[in-house]
2 protein chains.
Amino acid sequence: MTKQTDDAGQGQIRQSNERVILAAAEAMFARAGFSGTTMAAIAQASELPKANLHYYFGSKEAIYRAVLARILNDWLAPADAIHSEADPRTAIEQYIRAKMALSKQRPDASKVFANELLHGAPLVKELLATELRKLVKAKVAVLQAWMDQGRMAQVDATHLFFTIWAATQTYADFDVQVSAVLGHNNLSAKAHARSTEHVVSLILRGCGLSQ
Amino acid sequence: MTKQTDDAGQGQIRQSNERVILAAAEAMFARAGFSGTTMAAIAQASELPKANLHYYFGSKEAIYRAVLARILNDWLAPADAIHSEADPRTAIEQYIRAKMALSKQRPDASKVFANELLHGAPLVKELLATELRKLVKAKVAVLQAWMDQGRMAQVDATHLFFTIWAATQTYADFDVQVSAVLGHNNLSAKAHARSTEHVVSLILRGCGLSQ
DNA sequence: GTCTATAGACGGATAGAC
DNA sequence: GTCTATCCGTCTATAGAC
């Protein structure tokens, strides 16, 4: 009762509160960026007093770091679809669909990450140059092997990743622009399905994997 | 001498100073966004006293508006390449090359615009829903006619624009990520040329306009 | 028309009561 | 462990000297 050295007791409350704070922070950072987001705004969205954010995380930057860390994990996962035993067409199609699903399900996460990149990636630059670079190198080798075997068209595999990232994330990051041009107020599930089919078919044909 | 009602006299100085301020502001807004940019920073970059910025523009938001306005004009111009008398392949290739050139030549403009969209486009939302939507509609009609004539593959023409914008602007907006993955410190002219050839060939093949 | 000096508001962080 | 009240630095904007 008096002892609470392990994470069992109030650790539950801490864990729950941290989760609430990070979710609120992600939404606020997506909407206004790092400088445009105030601790008061995160506190209000979390329905917690401002001082508690400092109690749990210490500083605004620490909250931002925590939000980014949570995002990065999820961001790299879809690349699993691309492995040497897979069929080229299926692998790339799965990868694109997974990225499009992320755009639909976690638009705020995408925006926070985009914002970080846009402003020079001060916090994740190192990770990009190490982990992401390593991951892309490995996947590029897989794609290159498929090209050498004549199983898909010759494209620059590294740049193909840049194009897939850009084409899929634009539906999360720049949704206002997409909605405005389409004449909608926001992107419906139907509109998103249409976007997905477009990106899949354009890229697959671009890779010589259909027609 | 005493009369200065026209723009001839000190109007020269005003025009020159406004130009300097807007150029400096574009660079700062690209680096740090609206909230992250201080008037002091713009003043230092302009080599003008802080109060002069207020003298010329009135407020920080007015400077931001002026920067955005300058960008929007240049942004829509490349679409001229797409008109009904043109050859489909030439038109789309020209359009992509023009957008890639903009990414190379005006990366800061691209970043300011991307940042505005990312945060919900409070200032340009209306323009997107009117001018941009109208422009895209017109160009989509041209592309659709080409498809109906069997001169290119059936793709969703509106979404094709989204993909081209995303694929080309990613080299300006997310240059840190591209550089990190490629293992460079920044994007050389050679790397940019390679990027351009990639985007051109991928999209053209995706549109059934090569091989 | 230009610039210094300052007002006034806001935001991040913390002290200290509970 | 939680929260109120407050400090202190920073930022936008402007008043007023030159």
Side-chain angles (χ1 to χ4, degrees), chain A residues 1-22 24-29 31-68 115 119 122-123, chain B residues 1-22 24-29 31-68 115 119 122-123:
Chain A
M1 252 205 199
T2 46
K3 277 194 181 182
Q4 287 203 338
T5 42
D6 62 354
D7 290 1
Q10 293 289 19
Q12 297 287 352
I13 294 179
R14 169 174 279 269
Q15 213 175 351
S16 151
N17 280 347
E18 286 183 354
R19 205 180 289 276
V20 169
I21 293 168
L22 290 182
E26 183 178 284
M28 302 311 296
F29 285 136
R31 223 168 300 284
F34 180 77
S35 329
T37 300
T38 65
M39 292 296 272
I42 301 175
Q44 191 173 15
S46 315
E47 297 185 343
L48 283 170
K50 202 171 61 156
N52 289 30
L53 311 194
H54 281 101
Y55 171 68
Y56 285 121
F57 289 94
S59 72
K60 180 178 167 184
E61 187 180 313
I63 296 181
Y64 182 66
R65 282 183 187 278
V67 168
L68 266 182
N115 195 59
H119 300 130
L123 298 187
Chain B
M1 252 203 197
T2 46
K3 278 193 180 181
Q4 287 202 336
T5 42
D6 62 354
D7 291 0
Q10 293 289 20
Q12 296 288 351
I13 292 177
R14 168 175 279 269
Q15 213 175 352
S16 151
N17 279 347
E18 285 182 354
R19 205 180 290 276
V20 169
I21 292 169
L22 289 181
E26 183 177 286
M28 303 310 296
F29 284 135
R31 222 168 302 283
F34 180 77
S35 329
T37 300
T38 65
M39 292 295 271
I42 301 176
Q44 190 173 15
S46 316
E47 297 186 344
L48 283 170
K50 204 173 55 159
N52 289 30
L53 311 194
H54 281 101
Y55 172 68
Y56 285 121
F57 289 94
S59 72
K60 181 179 167 183
E61 187 179 314
I63 296 181
Y64 182 66
R65 280 182 189 277
V67 168
L68 266 182
N115 194 58
H119 300 131
L123 298 186

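Every chain is numbered from 1 and lettered A, B, ... according to where its sequence line falls, protein lines coming before strand lines.
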Handout entry: Pair Asn115(B)-His119(B), side chain to side chain contact (heavy atoms under 4.5 Å, CB included): steps then yes or no
Key = CA-CA 6 Å; Asn115(B) 194 58; His119(B) 300 131; 3.0 Å; yes

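Among residues two or more places apart in sequence or in another chain, the ring pair (Phe, Tyr, Trp, His ring centres under 6.0 Å) test is passed with Tyr56(A) by none. Residues satisfying the side chain to side chain contact (heavy atoms under 4.5 Å, CB included) criterion with His54(B), sequence neighbours excluded, are Met39(B). Residues satisfying the side chain to side chain contact (heavy atoms under 4.5 Å, CB included) test with Thr37(B), not counting sequence neighbours, are Met28(B), Phe29(B), Ala32(B), Ile42(B).
At whole-Å resolution of the value, CG in Leu53(A) and P in dG11(C) are 14 Å apart. Between the P atom of dC11(D) and the CD1 atom of Ile63(B) lies a distance of 15 Å, rounded to the nearest Å. When rounded to the nearest whole Å, the span between CG of Leu48(B) and P of dG1(C) equals 14 Å. Across the protein-nucleic acid pair, Gln12(B) atom CD and dG1(C) atom C1' stand 15 Å apart, rounded to whole Å. One interatomic measurement links the two molecules: OH of Tyr64(A) to C1' of dG12(C), which rounds to 17 Å at whole-angstrom precision. In this structure, Tyr56(A) places its OH atom 20 Å from P of dG12(C), rounding to the nearest Å.
Scanning both residues, Ala62(B) and Phe57(B), for their nearest heavy atoms gives CB-O, 3.1 Å. Of all heavy-atom pairs between Leu22(A) and Ile63(A), the closest is CD2-O, 4.0 Å. For the pair Ser35(A) and Gly36(B), the tightest heavy-atom approach, listed with the atom from each and the gap, is OG-CA, 3.4 Å.
Residue Ser35(B) is classed as having no contact, given no heavy-atom separation below 4.0 Å to the nucleic acid.
In this structure, Asn52(B) does not reach the dT2(C) phosphate: none of its side-chain N or O atoms is under 4.0 Å from OP1 or OP2.
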Exercise for the section: For nucleotides 13-18 of chain D, just jot down a letter per nucleotide in 5' to 3' order: B, S or -, based on protein non-hydrogen atoms under 4.0 Å. Expected result: BB----

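Distance check, rounded to the nearest 0.5 Å: OH of Tyr55(B) to CG of Asn17(B) gives 10.0 Å.
Among pairs with a residue in residues 37-66 of chain A, those fulfilling salt bridge (Lys or Arg N to Asp or Glu O under 4.0 Å) read Glu61(A)-Arg65(A), at least two apart in sequence or across chains.
Of the listed nucleotides (dT2(D), dT2(C), dC11(D)), dC11(D) has the atom at the smallest distance from the side chain of Thr38(B).
Recorded end-axis angle for the helix from dG1(C)-dC18(D) to dC18(C)-dG1(D) stands at 10°, based on five pairs per end and rounded to 10 degrees.
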